[in-house]
Asker: 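Quick one: the structure is below, and I'll ask about it shortly.
Keep in mind that what you see is a predicted model, and the values were worked out from it rather than measured. Nothing fancy with the numbering, it's 1 onward along the sequence.
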Amino acid sequence: MAATLCGRLFPKSGWLPFSQIVRHGSKAVTRHRKPMHFLKQKLMAVTEYIPPTPAAPPAALAPRVRKTEEESALAVLLRNDLENLFKECKMIAVVQNNAINAEDLMVLKHKLKRHNISVKFFPNQVTRSFLSNSIYSNMLPLFVGQTVIFVSKEPKVKEMLQALKHSPQMVLLGACIENTLLSYQGILSYSKLPSMTTIQGEIVGGLTMMTSRTVSMLRHHPAHLSALLQQYVKQQGSGDSTNAVTDKDTSIIQEAAA
């Protein structure tokens, strides 16, 4: 029994363990490339093959032809109408439309129609194509976004401003009045000017006053001279000419005659 236990506990003399630790040495690296000699490097750089640049394809050398789109008949018709408006109307105002509803727009049109002011809608593309080749090219910055044009054959600025007071969605940007480009402040200043009828009445009144004053001045001296002569004749007829006609009256008569 004791021998069996000792044989199990103590290993036999010829027994080896299942795993052993083995230490391997590092391998020698023997395949390092030697650096190329600098003369050979120069020779290789000089004799290096440089492939030629490939020629451009013939399609790339030919100029590209841009296709110009022809204007439609509707665009030409609208541009002609716009040109006629600028020729016939003395007041052309540009208004920005900030989403006004149809009912308010109808009311505004009715108010403006009372004063012979029309509301016109033109696409910005047609308007800008017309303005770019005309004398009104300075109005191009006004036509951005949704715009409306108010036109009238006579400059009725006061009536237009009164109609726009009740439509906050319509913002006045500028106007061309009698071939003069005005900003919003310029339009307000223009509306404060008196009308042509008032100015003509003032001019006629001033001219009439000057004419009447000239006539009265021309009639004053002959009337004064005739009065003095009548008095002199009366005094001569009464026989007291020596005492009545004084040196002062004589000098007055001479001044009036002169």
Side-chain angles (χ1 to χ4, degrees), residues 56-193 195-196:
L61 299 177
R64 295 182 180 179
V65 180
R66 295 183 178 180
K67 296 181 180 180
T68 57
E69 297 181 357
E70 296 182 357
E71 286 186 332
S72 61
L74 178 60
V76 175
L77 180 62
L78 291 175
R79 190 173 61 182
N80 292 336
D81 293 343
L82 188 61
E83 185 178 359
N84 294 332
L85 282 178
F86 272 83
K87 288 181 179 179
E88 296 175 359
C89 299
K90 295 183 179 180
M91 185 187 75
I92 301 171
V94 183
V95 183
Q96 186 177 9
N97 182 10
N98 293 327
I100 187 172
N101 54 36
E103 184 178 357
D104 294 341
L105 182 61
M106 187 63 66
V107 173
L108 179 61
K109 284 184 178 180
H110 182 66
K111 290 180 181 179
L112 294 173
K113 197 65 178 179
R114 295 177 183 175
H115 307 288
N116 296 326
I117 301 176
S118 303
V119 180
K120 300 293 182 180
F121 294 89
F122 290 95
N124 286 343
Q125 184 178 2
V126 176
T127 308
R128 296 178 71 87
S129 65
F130 165 72
L131 293 177
S132 59
N133 299 323
S134 65
I135 60 175
Y136 307 101
S137 57
N138 292 331
M139 296 181 67
L140 280 173
L142 300 178
F143 291 92
V144 178
Q146 296 184 358
T147 54
V148 186
I149 301 176
F150 293 171
V151 295
S152 175
K153 293 186 177 180
E154 296 296 331
K156 298 182 179 181
V157 181
K158 291 182 180 179
E159 293 81 356
M160 181 182 65
L161 293 176
Q162 289 177 359
L164 288 175
K165 283 182 180 179
H166 304 286
S167 299
Q169 298 90 349
M170 307 295 282
V171 181
L172 183 61
L173 301 178
C176 179
I177 300 175
E178 294 180 347
N179 294 330
T180 303
L181 183 61
L182 299 177
S183 62
Y184 179 72
Q185 296 296 330
I187 295 172
L188 293 179
S189 302
Y190 186 89
S191 64
K192 297 177 182 178
L193 296 175
S195 61
M196 291 297 296

Asker: Measure the CG-OG distance between Asn124 and Ser129 for me, rounded to the nearest 0.5 Å.
Answerer: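 Here the interatomic distance stands at 10.5 Å.
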Asker: Could you tell me if the side chain of Val119 sits less than 4.5 Å from the side chain of Phe150, heavy atoms only?
Answerer: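 Of all side-chain heavy-atom pairs linking Val119 with Phe150, at least one is under 4.5 Å.
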Asker: What pairs of donor and acceptor atoms, side-chain ones from residues 134-143 against any protein atom, are under 3.5 angstrom apart with sequence neighbours left out?
Answerer:
from: Ser134; atom 1: OG; to: Phe130; atom 2: O; distance (Å): 3.3
from: Ser134; atom 1: OG; to: Leu131; atom 2: O; distance (Å): 3.1
from: Ser134; atom 1: OG; to: Tyr136; atom 2: N; distance (Å): 3.4
from: Tyr136; atom 1: OH; to: Asn179; atom 2: OD1; distance (Å): 3.2

Asker: Rounded to the nearest 0.5 Å, how far apart are CG of Leu112 and NZ of Lys156?
Answerer: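 If we round to the nearest 0.5 Å, Leu112:CG and Lys156:NZ are 11.0 Å apart.
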Asker: Write down the atom of Ser191, the atom of Val157, and the distance for their closest heavy-atom approach.
Answerer: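 In terms of heavy atoms, the two residues are closest at CB-CG1, 3.8 Å.
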Asker: Closest approach of Ile187 and Gly174, non-hydrogen atoms and distance?
Answerer: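 Closest approach of Ile187 to Gly174: CD1-C, 3.8 Å.
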Asker: Working to the nearest 0.5 angstrom, can you tell me the gap between Glu154 CD and Ile117 CD1?
Answerer: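 Interatomic distance, Glu154 CD to Ile117 CD1, rounded to 0.5 Å: 11.0 Å.
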Asker: Work out which heavy atom in Ala93 is nearest to a heavy atom in Ala175; give both atom names and the distance.
Answerer: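 Where Ala93 meets Ala175 most closely, the heavy atoms are CA-CB, 3.7 Å.
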Asker: How long is the gap from NZ on Lys192 to CG on Leu188, to the nearest 0.5 Å?
Answerer: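 The distance works out to 6.5 Å.
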Asker: Can you check whether Leu82 reaches Ile149 side chain to side chain, under 4.5 Å on heavy atoms?
Answerer: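 With C-beta onward as the side chain, the pair touches.
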Asker: Might you work through the side-chain contact (heavy atoms from CB on, under 4.5 Å) test for Tyr190 and Thr180, ending with a clear yes or no?
Answerer: CA-CA 11 Å; Tyr190 186 89; Thr180 303; over 6 Å; no
Asker: Working to the nearest 0.5 Å, report the span between NZ of Lys90 and SG of Cys176.
Answerer: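 Rounded to the nearest 0.5 Å, the NZ-SG separation comes to 12.5 Å.
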Asker: What pairs meet the ring-ring contact (aromatic ring centres under 6.0 Å, His included) rule with one or both residues in residues 91-119, with sequence neighbours excluded?
Answerer: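 ring-ring contact (aromatic ring centres under 6.0 Å, His included) check on residues 91-119 returns no pairs.
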Asker: So, for Ile92 and Leu85, which heavy atoms are closest and what is the spacing to 0.1 Å?
Answerer: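 Minimum heavy-atom contact is CD1-O, 4.1 Å.
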Asker: Identify whether the distance between the nearest side-chain nitrogen and carboxylate oxygen of Glu83 and Arg79 falls below 4.0 Å.
Answerer: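 No, no charged N to carboxylate O under 4.0 Å.
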Asker: So how far is it from Glu103 CD to Met106 CE, rounded to the nearest 0.5 Å?
Answerer: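 Rounded to the nearest 0.5 Å, the CD-CE separation comes to 9.5 Å.
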Asker: Which atom pairs, donor and acceptor, lie under 3.5 Å between side-chain atoms of residues 158-170 and protein residues at least two apart or in another chain?
Answerer:
none

Asker: Is Asp104 close to Leu108 at the side-chain level, that is, under 4.5 Å between some pair of heavy atoms?
Answerer: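 No, side chains not in contact.
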